[in-house]
Amino acid sequence: MWEAINNFLVAVDDKVWGVPLMVLIIAGGVLLTSRLGFLQVRRLPLALKWMFKNEEEGDGEISSFAALCTALSATIGTGNIVGVATAVCAGGPGALFWMIVAAFFGMATKFSEGLLAVKYRVVAEDGHSLGGPFYYIEKGMGPKWKWLGKIFAFFGVCVGLFGIGTFSQVNGISSAVQNFFDPDKTNCINIPFLGQYSVAVVVSSLILAFCVAAILIGGLKRIATVSQIIVPFMAVIYIVLSVTLIICNITEIPAAIVTVVKAAFNPSAVTGGVVGSMIVAMQKGVARGIFSNEAGLGSAPIAAAAAQTKEPVRQGLVSMTGTFIDTIIICTMTGLSIVLTGAWQVEGIEGVQVTTYAFQNGLPLPAKFTAFVLMLCLVFFAFTTILGWDYYSERCLEYLTNGHKKKIIVYRWLYIIAVFIGPYMTVSAVWTIADIFNGLMAIPNMIALFALSGVVAKETKDFFKAEKHKL
């Protein structure tokens, strides 16, 4: 039965993430990059400066840095460690090239999303800020397009409950915990209707569900507080490990880069025919890249709307740094590590095992220590992603139900239950479900970005013209 379900999901995924959607997302990024005059290159230093410098007297619930960390908490997760591995294994090393290309143009997309989120945000009756694609669709494109905002919000709820927010993250955590504590599954218990699972998986799912419940009850400010502590700390540790691996294998880097570029356009020349189509490499790279940095997906602007700022352009720049940090820095390091060590060619391993193999064989450190640190990074990255996506999906549900508090509370408990059952889903099914909902969520958001690209360009031009003497 599971095989039939998985085959069906793969068929749907191939349709959703076909050439049309990839063209839509890349074309959107290219259009915005052109209209903004390659802003992601010219204004990156300023964006990185403003990332840490909070705006005084701004409206909103949390600082711009806290909003960025909340957004990063939802983006820096299993996509950076597991997602890159699955992309390179399924699409060949060339998938990394297309991931970086998509992220470059995605920076302009993320800038536009953050700008529009602040420009069209509203304040709820209890004082908290609300914003995101559903509001810039309704207010920017006009009330007659509200149905498109509703569609986005519906898929946003689904992505949180069945995709990025729960199953894929929890599955990544449980796999990492099992690989470290019980790789041979020597201590297992039988769960009715599900089968045998390692005690490490069962215990980790219980602990995870409890911790998630404890934090979610505190709302956005508690999520932001936890994210501001965990995200920067774990990101630095992971980057240090990755840089060390790359330095230790520095003589192999030129060959690895040639392999990545060659495989991007002629995969079969590198993979020996396992991946024979450039479209497959592009599909896996773009899909996993979007999964990781969420540029074009429309999720990050939901957090950006809560930032304490009066300037939409300023928040757009801060939001843009999320894609730069997530994909162009962290995902590239993961991908290079996998290609440098040949981990993508090792048979019999998948997901987090691929990245673990790369770090264990590429670092001059004890294998057990490396596996432990990588496990911690994955656990904390995925944990904060679970928190961030609960906030996103609750705001989507709030829009769908006109702020019906009881329905949101019920959803929160369903979310916690989904976190608990996530470890018992198969790896392939989990990632396929996540891909499908990602694609469906991106469509209405990209339509809005095309429609409102003129607004983005005008706001940006006016802002820098007015602020020129200050910059």
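These figures come from a predicted structure and were not determined experimentally.
For E459 (side chain) and P312 (main-chain N/O), no donor-acceptor pair under 3.5 Å exists by modelled atom type. The backbone N or O of A117 lies less than 3.5 Å from no partner atom in the side chain of Y136, so there is not a single donor-acceptor pair. Side chain of N445 to main chain of P133: no donor-acceptor pair is present (N/O by atom type, distance under 3.5 Å, no hydrogens or angles). Between the R35 side chain and the A457 main chain, no donor and acceptor come within less than 3.5 Å of each other. Between the side chain of Y357 and the backbone N or O of I338, no donor-acceptor pair lies under 3.5 Å.
Heavy atoms of other residues, nucleotides or ligands lying less than 6.0 angstrom from NZ of K139 number 12 at most. Other residues, nucleotides and ligands contribute at most 12 non-hydrogen atoms within 6.0 Å of the CZ atom of F8.
Of all heavy-atom pairs between G156 and C396, the closest is CA-SG, 3.9 Å. The minimum heavy-atom distance between I349 and A343, with the atom names listed, is CD1-O, 4.0 Å. For the residue pair S112 and L36, the shortest heavy atom distance occurs at OG-CD1, 4.1 Å. Taking each heavy atom of G160 and Y415 in turn, the nearest pair found is O-CE1, 3.2 Å.
Y399 and F152 have their aromatic ring centers separated by at least 6.0 angstrom. Residues F134 and F154 keep their aromatic ring centres 6.0 Å or farther apart.
Using a 4.5 Å cut-off on side-chain heavy atoms (C-beta onward), V455 and K119 make contact. When side chains are defined from C-beta on, Q40 does not count as touching F324, because their heavy atoms never get closer than 4.5 Å. The closest side-chain heavy-atom distance from C331 to I100 is not below 4.5 Å. Side chains of L130 and R121 form no contact here, defined as non-hydrogen atoms less than 4.5 Å apart. Side-chain atoms of F181 and N187, non-hydrogen and from C-beta on, never get closer than 4.5 Å to each other. With contacts defined as side-chain heavy-atom distances shorter than 4.5 Å, the pair Q315/L115 does not qualify. No side-chain heavy atom of W344 sits less than 4.5 Å from a side-chain heavy atom of T86. In this structure, T323 and I328 have side chains that are not in contact, with every pair of non-hydrogen atoms separated by 4.5 Å or more.
Atom CH2 of residue W98 and atom CE of residue M282 lie 4.0 Å apart, to the nearest 0.5 angstrom. How far CD1 of I237 is from CG of L374: 11.5 Å, rounded to the nearest 0.5 Å. Interatomic distance, SG of C158 versus CE of M441, reported as 10.0 Å (0.5 Å rounding).
Classified by interplanar angle (parallel below 30°, tilted 30° to 60°, perpendicular above 60°), the ring pair W389/Y392 is perpendicular. Classified by interplanar angle (parallel below 30°, tilted 30° to 60°, perpendicular above 60°), the ring pair W50/F463 is perpendicular.
With sequence neighbours excluded, no residue forms a ring-ring contact (aromatic ring centres under 6.0 Å, His included) with Y120.
The existence of a salt bridge linking E113 and K110 is excluded, since no basic side-chain nitrogen approaches an acidic carboxylate oxygen closer than 4.0 Å.
Exactly one of V286, V84, T332, V88 qualifies for a side-chain contact (heavy atoms from CB on, under 4.5 Å) with M99. That residue is V84.
For the 3.5 Å distance criterion, the side chains of S393 and Y411 qualify, holding a donor opposite an acceptor.
Annotation: cation-pi geometry not satisfied between K146 and Y135 (NZ/CZ under 6.0 angstrom from ring centroid, within 45° of ring axis).
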